[in-house]
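So the structure is just underneath, and the comments pick up after that.
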Amino acid sequence: MQITEYTIVAREGHGGHTFYCLKLGENMYYKGYDYDGQDGQIKVVDDIEWAARIATEQFALELIGFLQNFFDLQGKYRKENEGKSLPPLVGVTEAAAVLGWDKRKIATYMKRGAFPAPIQKLASGSIWTLKQIEDYRDQTRGGGK
């Protein structure tokens, strides 16, 4: 398994209620996870009809943060993050520092659609998990696209 995205997909359920699923890659949807106290693994399905149904968009965002914090891109449990309840979050200034960029470069890349989508947009600006920015840096080797 290789997680290539964390996309929230809105679905309509019975009675017109909206629920959400997480897309983790091409034909790969979040089902849950196993953890036995030592090792863990994200469970996925290839059919969205069998994916986990998440009640609210806010919870889906929180679940993305949880998955990024506690599981790597292969879906394996990150033992080193055990006991941490929130993933480290960063704004534009911190993301720029991680990448060795000026803040304006982040704004430019965001406008081009060449930067990771923030997990949330606040009045004070966009926020990402530190892991998103580190993965982006590692994938682009810090030099942009």
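Here, residue 1 is the first one in the sequence, and each next residue gets the next number. Because the structure is a prediction, the values reported are computed rather than measured.
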Query raised in the report: Under 3.5 Å, is there a donor-acceptor pair between the side chain of Gln132 and the main chain of Ala117?
Result: yes
Requested in this report: Starting at CG of Asn69, measure out to CZ of Arg78 and round the result to the nearest 0.5 Å.
Outcome: 7.5 Å
Query raised in the report: Which residue pairs satisfy the salt bridge (Lys or Arg N to Asp or Glu O under 4.0 Å) criterion with at least one member in residues 58-77, sequence neighbours excluded?
Result: none
Query - Considering all heavy atoms, the nearest Tyr20-Ala60 contact - result: CB-CB, 4.4 Å
Query - Joint cluster assignment, Leu24 & Val45, ILVMFWY side-chain distance < 4.5 Å - result: no
Requested in this report: For residues Leu99 and Arg137, determine if any side-chain heavy atom of one lies less than 4.5 Å from a side-chain heavy atom of the other.
Outcome: yes
**Report entry** Step-by-step side chain to side chain contact (heavy atoms under 4.5 Å, CB included) determination, Lys79 to Tyr77
**Finding:** CA-CA 6 Å; Lys79 184 85 170 147; Tyr77 180 69; 4.1 Å; yes
Query raised in the report: Would a 4.5 Å heavy-atom cut-off, applied to side chains only, mark Phe19 and Arg53 as touching?
Result: yes
Query - Phe70/Tyr35 under side chain to side chain contact (heavy atoms under 4.5 Å, CB included): CA gap, chis, key distance, verdict - result: CA-CA 11 Å; Phe70 289 105; Tyr35 177 67; over 6 Å; no
Requested in this report: Could you check Leu67, Leu22, Thr129 and say which one makes a side-chain contact (heavy atoms from CB on, under 4.5 Å) with Tyr6?
Outcome: Leu67
Query - Side-chain heavy atoms of Thr93 within contact of Lys103, under 4.5 Å - result: yes
Report task. Specify whether Phe115 and Trp128 have parallel, tilted or perpendicular ring planes, treating 30° as the upper limit for parallel and 60° as the lower limit for perpendicular. Result -> perpendicular
**Report entry** Test side-chain contact (heavy atoms from CB on, under 4.5 Å) applied to Thr4 - qualifying residues, sequence neighbours left out
**Finding:** Gln2
Query - pair Tyr30-Val44: side-chain heavy atoms closer than 4.5 Å - result: no
Query raised in the report: Taking 4.0 angstrom as the limit, do Glu49 and Arg11 come out as a salt bridge?
Result: yes
Query - Residue pair Gln58 / Thr56, side-chain donor-acceptor N/O under 3.5 Å - result: no
Report task. Given side chain to side chain contact (heavy atoms under 4.5 Å, CB included), test Ile8 with Ile64 step by step and report yes or no. Result -> CA-CA 9 Å; Ile8 299 172; Ile64 289 170; 3.7 Å; yes
Query - Validation row: Val9, Ile48 side chains within 4.5 angstrom (heavy atoms) - result: yes
Query raised in the report: So, for Met28 and Ile3, which heavy atoms are closest and what is the spacing to 0.1 Å?
Result: CE-CA, 3.9 Å
Requested in this report: With the side chain counted from C-beta on, respond yes when Gln120 and Leu61 share a heavy-atom pair under 4.5 Å apart, and no when they do not.
Outcome: yes
Query raised in the report: Between Tyr29 and Trp50, does the ring centroid distance fall short of 6.0 Å?
Result: no
Query raised in the report: If you take all heavy atoms of Gln68 and Ile119, which pair is closest and at what distance?
Result: OE1-CG2, 4.4 Å
Query raised in the report: What pair of heavy atoms forms the shortest contact from Gly25 to Glu5, and how long is it?
Result: N-CG, 3.6 Å
Query raised in the report: Hey, does the side chain of Thr108 reach the backbone of Arg104 with a donor-acceptor pair shorter than 3.5 angstrom?
Result: yes
**Report entry** Partner residues of Tyr33 under the ring-ring contact (aromatic ring centres under 6.0 Å, His included) criterion, sequence neighbours left out
**Finding:** Phe66, Phe71
**Report entry** Least distance between heavy atoms, Thr18 atom then Ala10 atom
**Finding:** CG2-CB, 4.1 Å
Report task. Could you check if a side-chain atom of Glu94 sits within less than 4.5 angstrom of a side-chain atom of Val98, using non-hydrogen atoms only? Result -> no
**Report entry** Verdict with reasoning, Gln74 to Gln41, per side chain to side chain contact (heavy atoms under 4.5 Å, CB included)
**Finding:** CA-CA 9 Å; Gln74 286 71 47; Gln41 178 73 38; over 6 Å; no
